[in-house]
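I have placed the structure first, in the form of structure tokens, so that the comments after it can refer back to it.
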Amino acid sequence: MRKKAFFLKICLFLPILIMVAVVNYLYDPAQLFTNKDFEKQMAQLFVSSNGQGIEINDRADYDDRYFQKAYVENLRNKKDVLALGSSTVMYISSDFFPDKSFFNAWVSAAGLNDQIAIYGLYRQKGFIPSKVILGVDLWLFDKLKMRSEKRWQRLKGAYRYIKKEMNSSPQPLSVNIVDYLPPEGFALFSFSYFQSSVGFFLNKKGKLPLKSTVTDSLTRNRYNDNATSWIDGSRTLKKEQRERLSSEVEAEINSDANNPLDRMWGMDAELTKDFTDFVALLKRDGVEVIIYLPPYHPLRYRIMNGLDEKYAFKYRRHTFELIENTVRNIAQEFNVTVIGSYDPIKTHVSDKQFIDGLHLRSTADVRPMFTGIGS
Amino acid sequence: MLFNSLEFLIFFPFVVVFFFLLPHRFRWFFLLLASYYFYMCWRVEYVLIIILLTCIDYWAGIKMGNCKDKGLRRIFLIVSLVANLGLLFSFKYLSFLNESLRGTFQFLHIPYNIPYLNILLPMGISFHTFQAMAYTIEVYRGNQKPERHFGTFALYIAFFPQMVAGPIERASSLIPQFYKKQVLKYANLIYGLKRMAWGFFKKVVIADRLALLVNRVYNDPHQFAGAPLIIATIFFAFQIYCDFSAYTDIAIGSARVMGFKLRENFHSPYLAASIRDFWKRWHISLTSWFRDFLYIPLGGNRVARWRWYLNLLVVFLLSGFWHGVNWTFVIWGALHGFYLVFAIATRDARDKIAQFVGLTRVPRVYKAIQIAVTFTLVTFAWIFFRANSLKDAVYVVTHLFDFRTTSQLLQLISIKHNTAIILGLSKVEIAFSFMLICFIQIFYWLQERRGILAILSSKPAVLRFSLYYFLLITIIFLGKFDKSPFIYFQF
């Protein structure tokens, strides 16, 4: 009788678990449970290189990590040049590298783990590129930010493979069964994923995320009203963003300074070592590495670098220089070219060329930094 | 494996189900395998250290049991102590010694060529070595019969609920429970699950939330002065309490589900009315270990006064060392030793002052003042425990009441500015954190004064289940789930 009562009482808590699973499944911010037809079709389209792109809008919110995996799976020949990084490298296009095959394998908010994993996809297939453009964003070295970014786990296999190749000391053996199982099962009942799903639900104002089809989104133009992903992997912004006024951008940056902004707390030693080991591996593979440091909006640079007196007590002074100098030192150690700079003055980029604190308006704004790199 | 991980939530029910399904004679083996697996999820090869120490201590215990000669028994005890302390020293203190020597030599401009030692500290080494030494010392004293069954002894050392962060159990209390055939009891199941849920609540809702602000301030204290340092220190006092007591709750709860009773390790420490009282309420199993195996053998308080004070200082200095490999922990321990010595030396004078001022006529007020003073002293000492270096600790202490940054503080609390980017928590989260601290203190005060848990148990099922639901919903919606390890795992 007591056993029965106990099991009935346990069942009273099942609705909570069911609620967690349902919300995680429906809102699924990392797109772990959605079918991947869109990503697969997009990958097939891009590999076929038939001169078409995809217009990206709210309805075509795709799993970019899965897309990268599907792309490599469909690939028949290696690429001469590969770009790795976040949306700060998304403008780099095949025009920069005439007579060379090129693909821009950027993913949103890419961390070092993403870059390592995506390179791993190519390496596993034997498609090591001759040249890699490595977009080095500040947050690559911020442990707190990187801890909360989990989407790279979609490419866990490739990541593990590259980590083994990277490290001089062998990776410790893991007997934790969770490390060997696909993340989706656990994400369904994960409380942390539930919190992200609730955030996604509030963001979408309760509307369920919808998927478009590739066929509906095809375009032969690189510049459209919506953001456009081109067959070389690069992306152009939506018209509304491309035409943003500088005054709007400045107001947003000032407002952001009072709200959560990407404050950098210095360089985590483990992440810095991983970065160094990754560059070392690329060199060992015979890859020509070009490190690209994307410039910041002049105002945002001043604020986040602790140079603006109004916000000086919130931001650590000269964080940007610390990180940039460290990256340059690592580059020098491995004889790697560095282009760009976080400091917009050094890259001759004006405030008018930015659509927000971090992103330039178009490919044309990025091109000058790549002069001489295309050969 | 962390308690606050999905893998533990899968591991634990699996272990419980198979534990009760298996015949009693196989259960020790299954639990031992499960415990080793639990440890190996952290680092596979380090389980060899546990097995090595188990073999040495088992052998020493058997040898002492078979031997009547006191001199020979002492040798076996020394072997066990040297093995345990030697391993503890090698993994925990060697790097520290190396770096301290490097600093000294550099200060004296003498070359120092020993390279930096990158030794990974085995998780929970301080706990299971102390638990093992408690056994061999008690066998030596004749208070404990040596355990002849190797598997049962190995389980005593490696029992997963408590091997990594205590409570430090005595063999006389834990080993007999392994021999008793545990039957699945409804009362144990309910108590255990409730205790675990309460532990998870304290860990993911309170401790890990407070940690966001504490880490932001203490990892770079030179950016702050005044109020942020005070808030961070108070938050740390509750972070470490909720974190460590949560571990104990989950350990006790998970053991109880299987029918095993572990000792309590905390008893509302921030309601202590004196430092002495604090140490009877905080990390009770470690305090009693030091009392039984160090303080009393040194003579305790049955010696000359100066020696008594020295004994106290030695115990607390070593307690500081036990906690960590940094001079800050030693200072923390020394502070507590000093507090105790001062309290004993001035007890009569303080009683007279209290009487003179009239405090003894208002005992509740007097007690409240004592609790507040004790909390302040303990929290002040926590500065040294949490600071990453002596330099940071000194900075915090000297800038606690630096109100030159008042204008910046006013900016912080004004509507326009979001504190999250500065202090790691938004204004709402800071206010909520203070509410959680008040809630915890009130809860434990009610438990101590009125036995609130017993009162709740007698309430109708609807009310009780509403509370359990609320607890679970709070964990799911408000918990911080980035798998931060328990603080005491590093010891």
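Order of the sequence lines sets the chain letters (A, B, ...), proteins ahead of strands, with each chain counted from 1.
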Side-chain donor or acceptor of A:Arg65 paired with backbone N/O of A:Ser108 under 3.5 Å: yes

Backbone of B:Asn388 reached by a side-chain donor or acceptor of B:Asn326 within 3.5 Å: yes

So which of B:Ile230, B:Val217, B:Leu210 actually passes side chain to side chain contact (heavy atoms under 4.5 Å, CB included) with B:Phe235?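 Only match with B:Phe235 under side chain to side chain contact (heavy atoms under 4.5 Å, CB included): B:Leu210.
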
Walk me through whether A:Tyr193 and A:Asp28 qualify under side chain to side chain donor-acceptor pair (under 3.5 Å). CA-CA 8 Å; A:Tyr193 199 63; A:Asp28 192 16; 2.5 Å; yes

What part of A:Phe13 gets within 4.5 angstrom of chain B, counting heavy atoms only: side chain, backbone, both, or neither?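 Contact with chain B involves both backbone and side-chain atoms of A:Phe13.
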
Heavy atoms under 4.5 Å from chain A: which residues of residues 457-468 of chain B carry them? B:Phe465, B:Tyr468

Report the C-alpha distance between A:Asp356 and A:Arg300 in whole Å, list the side-chain angles of each, state the deciding distance to 0.1 Å, and finish with yes or no for salt bridge (charged side-chain N to carboxylate O under 4.0 Å, His left out). CA-CA 9 Å; A:Asp356 61 24; A:Arg300 185 158 171 175; 5.8 Å; no

Report which part of [X] has an atom under 4.5 Å of a heavy atom belonging to chain A: side chain, backbone, both, or neither.
X: B:Ile476; value: both
X: B:Leu478; value: backbone
X: B:Ile190; value: side chain

Pair B:Tyr39-B:Phe160, ring-ring contact (aromatic ring centres under 6.0 Å, His included): steps then yes or no: CA-CA 8 Å; B:Tyr39 195 81; B:Phe160 76 86; over 10 Å; no

Pick from B:Val204, B:Leu189, B:Ile473 with the largest number of heavy-atom pairs that fall under 4.5 Å of chain A: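 Maximum pair count with chain A is reached by B:Leu189.
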
In terms of the angle between their ring planes, are A:Phe320 and A:Tyr296 parallel, tilted or perpendicular, with boundaries placed at 30° and 60°? perpendicular

Go through the structure and list residues passing salt bridge (Lys or Arg N to Asp or Glu O under 4.0 Å) with A:Glu250, not counting sequence neighbours.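 In terms of salt bridge (Lys or Arg N to Asp or Glu O under 4.0 Å), with neighbours along the sequence ignored, A:Glu250 is linked to no residue.
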
